[in-house]
Amino acid sequence: MNRLFTKSLCTSAAGANLKPPPPDPAAISNLILSSPTTATLDSPQSPLLSPTTPWTPHLVNSILKRLWNHGPKALAFFHLLDTRHRNYIHSPSSFDLAIDIAARLHLHTTVWSLIRRMRSLRIGPSPKTFAIVAERFASAGKPDKAVNLFLNMHEHGCFQDLASFNTILDVLCKSKRVEKAHELFRDLRGRFSADVVTYNVIVNGWCLIKRTPKGLEVLKEMVERGISPNLTTYNTMLKGFFRAGQVRQGWEFFLEMKKRNCGVDVVTYTTVVHGLGVAGEVKRAKNVFDEMIREGVLPSVATHNALIQVLCKKDSVENAVLVFEEMLRKGYEPNVTSYNVLIRGLFHAGEFSRGEEMMGRMGEEGGGCEPSFQTYNMMIRYYLECGEVEKALGLFERMGSGGCCLPNLDTYNILISGMFVRKRSEDMVVAGKLLLEMVERGFVPRKFNFNRVLNGLLLTGNQAFAKEILRSQSKSGSRLTRKFRL
């Protein structure tokens, strides 16, 4: 299939007629990725513009997700359908994905252009749209812009309500801007009639930054205001104790939950299993795992994952494998996290071949789950640490083929750093090519990595390539030459 699409692309450039691609996200993604220019896809013969291609929101969204880590290609595809297709109109969910990609690339003009386009089509923007943009602002270290965006939503036809208030608080808390979230919470809780979800968000925020006393203050305050905590509130506080390393307080809180009949559930037990295990109390973690079964609480896949991770880190990877195999025998379908924690454990123990074998089992017995970029990045990192550069590059090539799991920013940073292990001239050239490729895909390398690659090329006799990188970035108007100076 991939060969057919590559061949079709070449004949398209020559002006030959093309058959429309089948409605297969992988095949269409490969066609877009293998296209040298947007103009190739924008021709009258392009299968993407054919009226016989059955475009649907699900198909478009699947392609955008596959192209997620090649932002420029994803946005070009979205724009092509939006402006050149005669019949298809993007759905709100597709616009939200495109806006998220543009915001991640810091293309703020594109973000607002897409929002205006949604308004012109009368399909948005929605509170979710603004939550996406606010989250990007917050993660970029601009919490004030995130708050201002929320406060001015109504100017774009989207009015604030309790749900959007809770969302902006959650966005701020998860980006560790908890003080800012708490300040906004105090100022506006009366206007939006804060509910248990609102308080849970703030409790979670304080727990995320390990300030459990502040979380308990919020818990006390919600009770005083007549809002009853629910199980989510207590589970959040419980997790906060263990995250902060306050194992004794966490255990006592767990016992108090059971004493007060708070209705402890699988999330409660999973939190305790993981918390005790990470603290090195593996035997107690196993006992809690056994206790939940006796109490009639069925362990979930997440519970097994927690125990497997604990055994890998604090006990024996062999015991972790036994828990994994037992999970399969009981009829559970492991998810990508199940495999990732076990593969990491095997690689950490030096069992590379068994880790590779476990990766191969994912598609066979994992309910169809495929390796994620976390899987690849973790394995690439271990290969590089052991000097297995060729194996690391082989996995990287595998990520790029098929468009199912394109490399992300971490992948490039890991690989570029790994190219300095052997201090070879040819490895510096590979690092330079990786640098150019990541920029082409919309990623901005760290200043340290950018300078390190250029210096590495200069020191290994690759001055011409170093100059070529600077020259190409200057011609493209890349942010690299504006942001970084040698």
Side-chain angles (χ1 to χ4, degrees), residues 166 170 173-174 195-315 319-320 323-324 326-327 330-335 337-338 341:
N166 290 342
D170 191 48
C173 286
K174 287 179 178 174
D195 62 0
V196 65
V197 175
T198 318
Y199 279 93
N200 286 350
V201 167
I202 301 299
V203 170
N204 185 53
W206 290 121
C207 289
L208 281 173
I209 61 173
K210 303 180 181 180
R211 293 178 64 179
T212 50
K214 295 289 289 184
L216 287 172
E217 285 179 19
V218 176
L219 179 59
K220 180 181 177 183
E221 179 187 319
M222 68 187 294
V223 173
E224 291 173 348
R225 288 178 174 266
I227 298 175
S228 299
N230 57 18
L231 184 54
T232 300
T233 319
Y234 295 121
N235 282 342
T236 301
M237 201 67 238
L238 179 68
K239 188 173 184 179
F241 283 124
F242 284 114
R243 178 185 280 113
Q246 298 167 328
V247 179
R248 181 180 59 80
Q249 293 95 320
W251 180 253
E252 290 174 355
F253 195 83
F254 171 60
L255 295 178
E256 190 66 22
M257 284 177 68
K258 293 201 295 182
K259 181 179 176 182
R260 296 193 181 190
N261 295 318
C262 292
V264 293
D265 63 358
V266 64
V267 176
T268 315
Y269 278 106
T270 301
T271 300
V272 177
V273 168
H274 185 262
L276 290 174
V278 168
E281 300 193 31
V282 179
K283 185 175 181 180
R284 286 179 70 190
K286 288 180 180 177
N287 289 340
V288 172
F289 184 86
D290 294 336
E291 176 194 313
M292 70 183 293
I293 298 173
R294 290 195 304 270
E295 294 292 328
V297 181
L298 190 66
S300 63
V301 172
T303 316
H304 286 89
N305 292 348
L307 184 58
I308 290 169
Q309 184 183 44
V310 161
L311 293 173
C312 286
K313 287 185 174 182
K314 302 293 183 178
D315 188 62
N319 288 336
V323 172
F324 179 83
E326 180 65 19
M327 180 173 73
K330 290 179 178 177
Y332 287 93
E333 283 191 356
N335 56 26
T337 303
S338 312
V341 294

A.B. asks: Can you tell me how far the CG atom of D315 sits from the CD1 atom of I308, to the nearest 0.5 Å?
C.D. replies: 13.0 Å
A.B. asks: If you define the side chain from C-beta out and look only at heavy atoms, does anything of V323 sit under 4.5 Å from F289?
C.D. replies: no
A.B. asks: Among all residues two or more places apart in sequence or in another chain, which pass the ring-ring contact (aromatic ring centres under 6.0 Å, His included) test with F242?
C.D. replies: none
A.B. asks: For the residue pair W206 and G215, what are the closest heavy atoms and their distance?
C.D. replies: CB-N, 3.8 Å
A.B. asks: Using the test salt bridge (charged side-chain N to carboxylate O under 4.0 Å, His left out), find all partners of E221 that sit at least two apart in sequence or belong to another chain.
C.D. replies: R189, R225
A.B. asks: When rounded to the nearest 0.5 angstrom, what is the spacing between CD in E224 and CG in L219?
C.D. replies: 10.0 Å
A.B. asks: Under 3.5 Å, which donor-acceptor pairs link side chains of residues 291-301 to any protein atom two or more places apart or in another chain?
C.D. replies:
unit_1, atom_1, unit_2, atom_2, d
E291, OE2, K258, NZ, 2.8
E291, OE2, Y269, OH, 3.2
S300, OG, A302, N, 3.3
S300, OG, T303, N, 3.2
S300, OG, T303, OG1, 3.0

A.B. asks: If I compare all heavy atoms of V310 with all of V273, which pair ends up nearest, and what's the gap?
C.D. replies: CG2-O, 4.0 Å
A.B. asks: What heavy-atom pair brings F324 and P334 nearest, and what distance separates the two atoms?
C.D. replies: CE1-CB, 3.9 Å
A.B. asks: To the nearest 0.5 angstrom, please state how far the CZ atom of R243 sits from the NZ atom of K210.
C.D. replies: 8.0 Å
A.B. asks: Compare every heavy atom of V196 with every heavy atom of S228, then report the nearest pair and how far apart it is.
C.D. replies: O-CG2, 3.7 Å
A.B. asks: Contact between N200 and N204 at the side-chain level, heavy atoms closer than 4.5 Å - yes or no?
C.D. replies: no
A.B. asks: My understanding is that only residues two or more places apart in sequence, or in another chain, count here; which of them pass side chain to side chain donor-acceptor pair (under 3.5 Å) with K314?
C.D. replies: none
A.B. asks: So do N166 and D195 actually touch side chain to side chain, heavy atoms under 4.5 Å?
C.D. replies: yes
A.B. asks: Any salt bridge linking E217 with K214? Criterion: basic side-chain nitrogen under 4.0 Å from a carboxylate oxygen.
C.D. replies: yes
A.B. asks: Working to the nearest 0.5 Å, report the span between CG of L208 and SG of C173.
C.D. replies: 7.5 Å
A.B. asks: Tell me, do F241 and F254 make a side-chain contact under 4.5 Å, heavy atoms counted?
C.D. replies: no
A.B. asks: Between Q246 and T212, does the side chain to side chain donor-acceptor pair (under 3.5 Å) criterion hold? Intermediate values first, please.
C.D. replies: CA-CA 9 Å; Q246 298 167 328; T212 50; 2.8 Å; yes
A.B. asks: When you compare the side chain of M257 with that of N235, does any pair of heavy atoms fall below 4.5 Å?
C.D. replies: yes
A.B. asks: When you compare the side chain of H304 with that of S338, does any pair of heavy atoms fall below 4.5 Å?
C.D. replies: no
A.B. asks: Can you confirm whether V272 sits close enough to W251 that some side-chain heavy atom of one is under 4.5 Å from a side-chain heavy atom of the other?
C.D. replies: yes
A.B. asks: Do you know the tightest heavy-atom contact between V341 and C312?
C.D. replies: O-SG, 3.8 Å
A.B. asks: Considering residues at least two apart in sequence or located in another chain, which fulfil the salt bridge (charged side-chain N to carboxylate O under 4.0 Å, His left out) criterion with R284?
C.D. replies: E281
A.B. asks: Check salt bridge (charged side-chain N to carboxylate O under 4.0 Å, His left out) between D170 and all other residues, then give those that pass, not counting sequence neighbours.
C.D. replies: K174
A.B. asks: Would you compute the distance between atom OG1 of T236 and atom CG of L231 and round it to the nearest 0.5 angstrom?
C.D. replies: 9.0 Å
A.B. asks: For a 4.5 angstrom cut-off between non-hydrogen side-chain atoms, does D265 reach T268?
C.D. replies: yes
A.B. asks: Which heavy atom of C207 sits nearest a heavy atom of M237, and at what distance?
C.D. replies: SG-CE, 3.8 Å
A.B. asks: Output the distance between atom CG (L307) and atom CG (N319), rounded to the nearest 0.5 Å.
C.D. replies: 9.5 Å
